[in-house]
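One structure is given here, and the rest of the page talks about it.
Labels below follow one simple rule: chain letters A, B, ... track the order of the sequence lines, proteins then strands, and each chain is numbered from 1.
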There are 2 protein chains.
Amino acid sequence: MHAYTTSRIALPSHAAQPSQPAAFDTAPLQPVSFFPAAAEIYAQGEKAGAFYQVEFGAVRVYRLLADGRRQISAFHLAGETFGFEAGTTHHFFAEAISATGVRVFRFAAGADMSHQLLPLALKGLTRAQEHLLVLGRQNAIERVAAFLVDMAERQGGLRQVELPMSRMDIGDYLGLTIETVSRVFTRLKDKGVIRLLNLRSIEIVKHDALQNMSE
Amino acid sequence: MHAYTTSRIALPSHAAQPSQPAAFDTAPLQPVSFFPAAAEIYAQGEKAGAFYQVEFGAVRVYRLLADGRRQISAFHLAGETFGFEAGTTHHFFAEAISATGVRVFRFAAGADMSHQLLPLALKGLTRAQEHLLVLGRQNAIERVAAFLVDMAERQGGLRQVELPMSRMDIGDYLGLTIETVSRVFTRLKDKGVIRLLNLRSIEIVKHDALQNMSE
DNA sequence: CGAACCTTTGAAGGGCTTCAATACTTGTGG
DNA sequence: CCACAAGTATTGAAGCCCTTCAAAGGTTCG
C-alpha cells in the first residue's frame with residue numbers, strides 16, 4: 001500500500017479560446033480549454049453535465065482510496081472522449097497528464113444526448129471490462145504487454161509508441177508498483193521485444209511476441 | 001494460473017412461456033427463458049441484439065484467456081439487467097449460475113433503444129470502474145469485504161446475504177483463488193464479522209467493520 | 001550547475017498461489 | 001435410509017511473484 005501524493009502545480013486555465021468557425025463539423029465547435037500538466041479537469045463529487053474530447057495531450061481518470069492508493073481506470077489520448085457518468089455527480093477525478101487541450105461539450109438542461117453518448121458509454125464499458133481481465137488474472141509482464149499493445153493500437157499501430165504518462169501512472173493503471181513496471185520494461189528490453197528510446201517513448205521490435213504475452 | 005473447465009450440463013431451454021397480459025407494465029411483457037445451472041445464455045463471438053433482465057436466479061458474465069484463466073466481470077441478480085454491448089457481437093460469455101429465468105428484450109432492426117440503454121450502460125460503466133479499483137489496489141480481505149457489502153446492498157441491506165455462486169466464481173470475480181477466498185471467509189468468521197450459515201449464505205454481524213475493510 | 005524529481009536496480013520480506021490432503025455437501029442407487 | 005461417489009470447500013505447508021525498503025543513476029528545469 002503506497003501513499004499517493006500529488007503536487008497540484010497549477011490550476012486549469014479556463015480561459016476559453018475564441019470559438020472559431022467550424023471548418024469540418026456541422027455543429028459549431030465548442031471552445032477548447034487548456035490544462036497544464038497535473039491540472040484537474042474535474043473532481044470526484046463535482047457536478048457532472050458535460051463530456052470532453054481530448055484535442056492534444058493526455059488525460060488520466062482515477063479513483064482514490066482513503067489511504068491514498070490510486071487506481072487509474074483509463075487514459076485518454078488525442079481524439080478520445082471521456083467524462084460522461086451516471087447520475088449528476090462525478091465518481092472519479094480527471095487530470096491532464098501533460099499540457100492538454102480539451103473540448104468541453106456541456107449538455108443543455110433537458111437536452112437528449114442519448115444518441116451521442118450511448119456508443120461512447122458502451123465503448124467505455126467494454127474497455128473497462130477488458131481491463132478487469134488484465135487486473136484480475138494477468139501477471140506483471142502480461143499486464144505491461146497488454147498496455148503497450150493497447151497504446152500502440154491507439155496510436156495507429158506504429159512501431160514507435162509515445163507514453164505520455166509516468167511509470168507511477170502506468171503502475172496505478174496496471175495495479176503494480178513503479179518498481180515492477182520498471183523491471184518489466186527492462187526484461188522486455190533485454191529480451192529484445194522493445195527498445196527504450198527515452199523515458200517516454202518505446203519502439204516495439206517484436207510485435208507478435210508482445211501480442212502473445214498479453215493474451 | 002489455474003485451468004478452468006466447465007461441464008456443460010444442459011442446454012438452455014428456449015421454450016418460451018406463453019406471454020401473459022401485462023399486469024403492471026405499459027409494454028407487453030417479453031417471454032421468459034429458463035436456464036438450468038451452468039447453461040449458457042450467450043457466448044463470446046455470438047451476434048448480439050438484445051438485452052436481458054433476470055427474473056429469478058443469478059447470472060455470471062465473464063471472459064476467458066487462451067489458457068483457461070477466467071475473469072468474471074459481473075454477477076447479475078434478480079431484477080438486474082445485462083447483455084447490452086458495443087458492436088454487433090458479444091465480447092463476453094453469460095451463464096446461469098443456478099436455475100435462472102431471464103426476460104429477453106430483442107431490439108427490432110433499426111429500433112432506437114438509446115433512451116432505455118444509456119442509463120443501464122452508464123450504471124454498468126461505473127460498476128466496472130469501481131471494480132477496477134478493487135482488483136487493482138485492494139488486498140484479499142478488502143476484496144472479499146467489498147464483495148459482501150455489495151451483495152448485501154443489492155439484496156436490500158439485510159443481515160443475511162445469499163451467495164448463489166461458488167467459491168470459484170467468487171475467486172474469479174475478485175481475482176483470487178478459491179483457497180484464498182475460503183481462508184478470508186474463515187478469518188472474517190473468526191473475527192466475528194460474519195457468520196457462515198451454510199455454504200451459500202452468510203450473516204453480516206459487524207456491518208461497520210466490513211464496510212471499513214472494504215474502503 | 002544544482003536541486004528536485006523520476007527511474008532503475010538491488011536485497012529482503014510478505015501475501016497470495018500452488019500443491020496436497022482432509023472434510024463437507026449433494027445426488028444417486030441399492 | 002444409508003452407502004457411495006463426485007463435486008465443493010476447508011485447511012496446511014512450501015514456494016514464488018510482487019512489494020517494500022534502500023540506494024544510486026538519470027532527467028528536467030529553475
Criterion salt bridge (charged side-chain N to carboxylate O under 4.0 Å, His left out) on B/E142 and B/R137, from CA distance to verdict: CA-CA 9 Å; B/E142 292 170 328; B/R137 286 297 176 219; over 6 Å; no
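B/R195 contributes no side-chain N or O that, together with a main-chain N or O of B/E203, makes up a donor-acceptor pair within less than 3.5 Å.
Rounded to whole Å, atom C1' of C/dC16 lies 17 Å from atom CD1 of B/I170. Protein atom CG of B/L163 is 13 Å distant from nucleotide atom C1' of D/dA9, rounded to whole Å. Atoms CZ (A/R137) and P (C/dC16) sit 13 Å apart, rounded to a whole Å. In this structure, the CD1 atom of B/I202 is 12 Å from the P atom of D/dT10, given to the nearest Å. Rounding to whole angstrom units, CG of residue B/N198 and C1' of D/dT8 are separated by 13 Å. When the C1' atom of C/dC16 is taken as reference, atom CZ of B/R187 falls 11 Å away, rounded to whole Å. Rounded to whole Å, the distance from CG on B/L174 to P on C/dT17 is 10 Å. B/R143 has its CZ atom 8 Å from the P atom of C/dT17, to the nearest Å.
Side-chain N/O atoms of B/H90 and B/E46 include no donor and acceptor closer than 3.5 Å. Between the side chains of B/Y173 and B/Q71, no donor-acceptor pair of N or O atoms lies under 3.5 Å.
For the pair B/R70 and B/Y62, the cation-pi criterion (under 6.0 Å, within 45° of the ring axis) is fulfilled.
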Per-nucleotide protein contact string for nucleotides 6-12 of chain C (B base, S sugar-phosphate only, - none; heavy atom under 4.0 Å): -SBBBB-
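When the side-chain nitrogen and oxygen atoms of B/T177 are compared with OP1 and OP2 of C/dT17, one or more of them lie within a distance under 4.0 Å.
Within the 4.0 angstrom heavy-atom criterion, no nucleotide atom of any strand lies near A/G171.
For B/H76 and B/Y52, the distance between ring centers is not under 6.0 angstrom.
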